[in-house]
Amino acid sequence: MSESSKSKSSSSTNPSPTLQCKDLHEYLKSRSPQFLETLYNYPTICLAVYRELPELARHFVIRLLFVEQPVPQAVVASWVTQTHAKEQHKACEALSELSVWQEAPIPGGLPGWMLSQSFKKNLKVALLGGGRPWSMSSSLEPDGKARDVSFLDAYALERWECVLHYMVGSTQTEGISADAVRILLQAGLMNRDAEDGTAVITRAGFQFLLLSTAKQVWLFLQHYLHTAEKRSLSAAECLAFLYQLSFSTLGKDYSTEGMSNNMLVFLQHLREFGLVYQRKRKAGRFYPTRLALNITCVKDGVAPLQTAASSGYIIAETNYRVYAYTTSALQVALLGLFTELVYRFPNVVVGVLTRESVRAALRGGISAQQIITYLEQHSHPQMLKSDQGGIRSSSSLPPTVLDQIRLWESERNRFTYTEGVVYNQFLSQAEFNVLRDYGRSSGALVWAADRTRTMVVARAAHDDVKRYWKRYSKAT
């Protein structure tokens, strides 16, 4: 009997991966205590973490902020009535996960809580003042070419949509930096095509396009921070600067005097992404845009800017025709990911949902539910008034369109591939039957053919089946 590694089809289906956009709490929870300790040396981060804590946790922090010795855990528990025990558990859990406080022994052996020294010190600085002034707080002469809020919004929108244009394969990708492309690839939002090497959008990338602008920017920056060390930058220092920007004033200019070389490099990257505006690299001043000011809006999903893909403009008919009332090249490119565009007029684009166009999107990693969700999220107000011909439906799309998109996907999902090990060349039918029956009884058998004496077992169960075969061979 011989064995070899091989993959064999199985009837199970793979669930679609879901793109997770972590808020500040979830992001910091995934980092090491050493990273958090470094981070809490920055007052801006301490203030940002404090604002993200549950209300009861903030109450605990304030009560412990000026206490210099551990407080018994029983005393902290007595601050909350039994009816709110669940909220108390969540508050304590949040403070522990973020290393805001630690367990500290009290004389006599009682367990106690004590705020982290660095967090306590720098939160006092953020709330009460003191400490070193922010580097960007230096006074500046009035700007002779000052930029107003409307200009900054337009600039941020143009720069950020440049990234989105690149993701959907639009021709309007001038100005996107190589650094931004690397981040998109490392984040799994895009992949290199195996044939021609071009960057193509992935399933996660399409989910990324469906997020609000605030979530898109924050998720993009998270992946930037993960690779900051490769650029000789400190992730903690970069994150602190980001939150320093979030506390700034929209429309006000800030000085670059006193900023380290690393932070000046980071500032140029933020300029490329549209988070800050700077006329020249050595201008000595910059303007934070709304993208930077609203990175704290991720939790509530507040979009800082109305991007080109934010309003209802799509009408889908029962004959699979899709009408998009838009002049935006980005919206047209997004629609072209899963429709066949047939007409384009100055303010409207006509496309058709065909089997080929949807299957091309599915091959690129986009799921049927993502296509449906996108069409629903951007349905024209007139679609919301439609009664679907008397058919009751929770969706604004025609039932025929919903069903057909899902059917086209089901055609591709009839098979998935499971890694396994092939056993063949048995010396007798009896040996084959023994190993086949053992694999079937243990749940390891994926497939078997009696006529050719061939069977496939799951790779995870290969070692167990191999051990059984050795024991059987020795016994016989």
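Keep in mind it's a predicted model, so treat the numbers as computed, not measured.
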For this session: Output the distance between atom CZ (Phe206) and atom CD (Gln370), rounded to the nearest 0.5 Å.
Result: 6.5 Å

For this session: Find out whether Leu402 and Ser395 are in side-chain contact, i.e. whether some heavy atom of one side chain is under 4.5 Å from a heavy atom of the other.
Result: yes

For this session: Kindly indicate whether the side chain of His84, heavy atoms from C-beta on, has any atom under 4.5 Å from the side chain of Leu56.
Result: no

For this session: Take His25 and Glu97, measure what side chain to side chain contact (heavy atoms under 4.5 Å, CB included) needs, and give me the verdict at the end.
Result: CA-CA 9 Å; His25 184 146; Glu97 287 173 344; 3.2 Å; yes

Exercise. Hey, does the side chain of Gln216 reach the backbone of Phe208 with a donor-acceptor pair shorter than 3.5 angstrom?
Worked result: yes

Problem set entry | Minimum-distance pair of heavy atoms, taken over all atoms of Leu28 and Leu239 | CD2-CD2, 4.1 Å

For this session: State, with a plain yes or no, whether a side-chain heavy atom of Ile314 is found less than 4.5 Å away from one of Val322.
Result: yes

Problem set entry | Audit row: Gln102, Ser96, side chain to side chain contact (heavy atoms under 4.5 Å, CB included) steps and yes/no | CA-CA 7 Å; Gln102 291 96 21; Ser96 298; over 6 Å; no

Problem set entry | Partners meeting side chain to side chain donor-acceptor pair (under 3.5 Å) with Thr83 (sequence neighbours left out) | Thr81

Problem set entry | Salt-bridge present (Glu411, Arg355; N to O < 4.0 Å) | yes

Seminar exercise, completed: For Leu36 and Leu98, the nearest pair of non-hydrogen atoms, with its separation, is CD1-O, 3.6 Å

Exercise. Is there side-chain contact between Val61 and Val100, with at least one heavy-atom pair below 4.5 Å?
Worked result: yes

Exercise. Applying the ring-ring contact (aromatic ring centres under 6.0 Å, His included) test to Phe119, which of Tyr42, Tyr40, Tyr50 qualifies?
Worked result: Tyr40

Exercise. Taking the inter-plane angle between the rings of Trp113 and Trp101 on a 0 to 90° scale, is it parallel (under 30°), tilted (30 to 60°) or perpendicular (over 60°)?
Worked result: parallel

Exercise. So does His89 have more than 12 non-hydrogen atoms from other groups sitting under 6.0 Å from NE2?
Worked result: no

Exercise. Between Trp79 and Arg63, is there a cation-pi geometry (under 6.0 Å to ring centre, at most 45° from the normal)?
Worked result: yes

Exercise. Does a side-chain heavy-atom distance below 4.5 Å link Arg359 with Arg412?
Worked result: yes

Exercise. Are the side chain of Thr202 and the backbone of Leu189 linked by a donor-acceptor contact shorter than 3.5 Å?
Worked result: yes

Exercise. Would one find more than 12 heavy atoms of other residues, nucleotides or ligands at under 6.0 Å from atom OH of Tyr343?
Worked result: no

Exercise. Between Cys92 and Phe60, is a side chain to side chain contact (heavy atoms under 4.5 Å, CB included) present by the stated rule, with each step listed?
Worked result: CA-CA 9 Å; Cys92 294; Phe60 289 164; 4.1 Å; yes

Exercise. Are Tyr254 and Tyr287 close enough, and set up right, to give a ring-ring contact (aromatic ring centres under 6.0 Å, His included), and what steps lead you there?
Worked result: CA-CA 6 Å; Tyr254 292 88; Tyr287 293 81; 8.5 Å; no

Problem set entry | Leu270 side chain reached by Phe241 side chain, heavy atoms, under 4.5 Å | yes

For this session: Write out all pairs satisfying side chain to side chain donor-acceptor pair (under 3.5 Å) with one or both partners inside residues 118-128, taking only residues at least two apart or from two chains.
Result: Glu37-Ser118, Ser116-Ser118

For this session: Classify the angle between the aromatic ring planes of Phe35 and Tyr27 as parallel (below 30°), tilted (30 to 60°) or perpendicular (above 60°).
Result: perpendicular

For this session: Indicate yes or no for a side-chain donor-acceptor contact from Thr354 to the backbone of Ser357 under 3.5 Å, with no hydrogens or angles considered.
Result: yes

Exercise. So do Thr339 and Val352 actually touch side chain to side chain, heavy atoms under 4.5 Å?
Worked result: no

Exercise. Side chains of Ser177 and Glu272: is there a donor and an acceptor less than 3.5 Å apart?
Worked result: yes

Exercise. What's the spacing between Leu152 CG and Leu250 CG if we round to 0.5 Å?
Worked result: 6.0 Å

Seminar exercise, completed: Closest non-hydrogen atoms of Gly312 and Pro381, given as atom of the first, atom of the second and distance, are O-CD, 3.9 Å

Seminar exercise, completed: OG (Ser99) and CD (Gln34) are apart, to the nearest 0.5 Å, by 9.0 Å

Exercise. Would you say the side-chain atoms of Gln369 and Glu409 include a donor-acceptor pair closer than 3.5 Å?
Worked result: no

Seminar exercise, completed: When rounded to the nearest 0.5 Å, the distance separating CZ of Arg231 from CG of Asn262 is 12.0 Å

For this session: Establish, yes or no, whether a centroid distance under 6.0 Å links the rings of Tyr277 and Tyr155.
Result: yes

For this session: Would you check, one step at a time, whether the test ring-ring contact (aromatic ring centres under 6.0 Å, His included) holds for Trp408 with Phe338?
Result: CA-CA 12 Å; Trp408 283 328; Phe338 52 86; over 10 Å; no

Exercise. Minimum heavy-atom separation for Ile176 to Val163, with atom names?
Worked result: CD1-CA, 4.1 Å

Exercise. Where is the tightest heavy-atom contact between Ala240 and Thr44, given as atom of each residue plus distance?
Worked result: O-OG1, 3.3 Å

For this session: Drop me the distance from Asp153's CG to Arg147's CZ, to the nearest 0.5 angstrom.
Result: 14.0 Å

For this session: Might you work through the side chain to side chain contact (heavy atoms under 4.5 Å, CB included) test for Phe286 and Thr256, ending with a clear yes or no?
Result: CA-CA 7 Å; Phe286 65 92; Thr256 61; 3.6 Å; yes

For this session: Find out whether Gln69 and Met114 are in side-chain contact, i.e. whether some heavy atom of one side chain is under 4.5 Å from a heavy atom of the other.
Result: no

For this session: For residues Leu291 and Phe273, report the shortest heavy-atom separation together with the two atoms involved.
Result: CD1-O, 4.0 Å

For this session: Among Thr289, Val276, Ile295, find the residue that satisfies the side-chain contact (heavy atoms from CB on, under 4.5 Å) test when tested with Leu245.
Result: Val276

Seminar exercise, completed: Rounded to the nearest 0.5 Å, the CD atom of Glu55 sits from the NZ atom of Lys90 at a distance of 13.5 Å

Exercise. Does Tyr224 have its ring centroid less than 6.0 Å away from the ring centroid of Phe266?
Worked result: yes

For this session: Go through the side-chain N and O atoms of Ser150 and Asp148 and say whether any donor and acceptor fall under 3.5 Å apart.
Result: yes

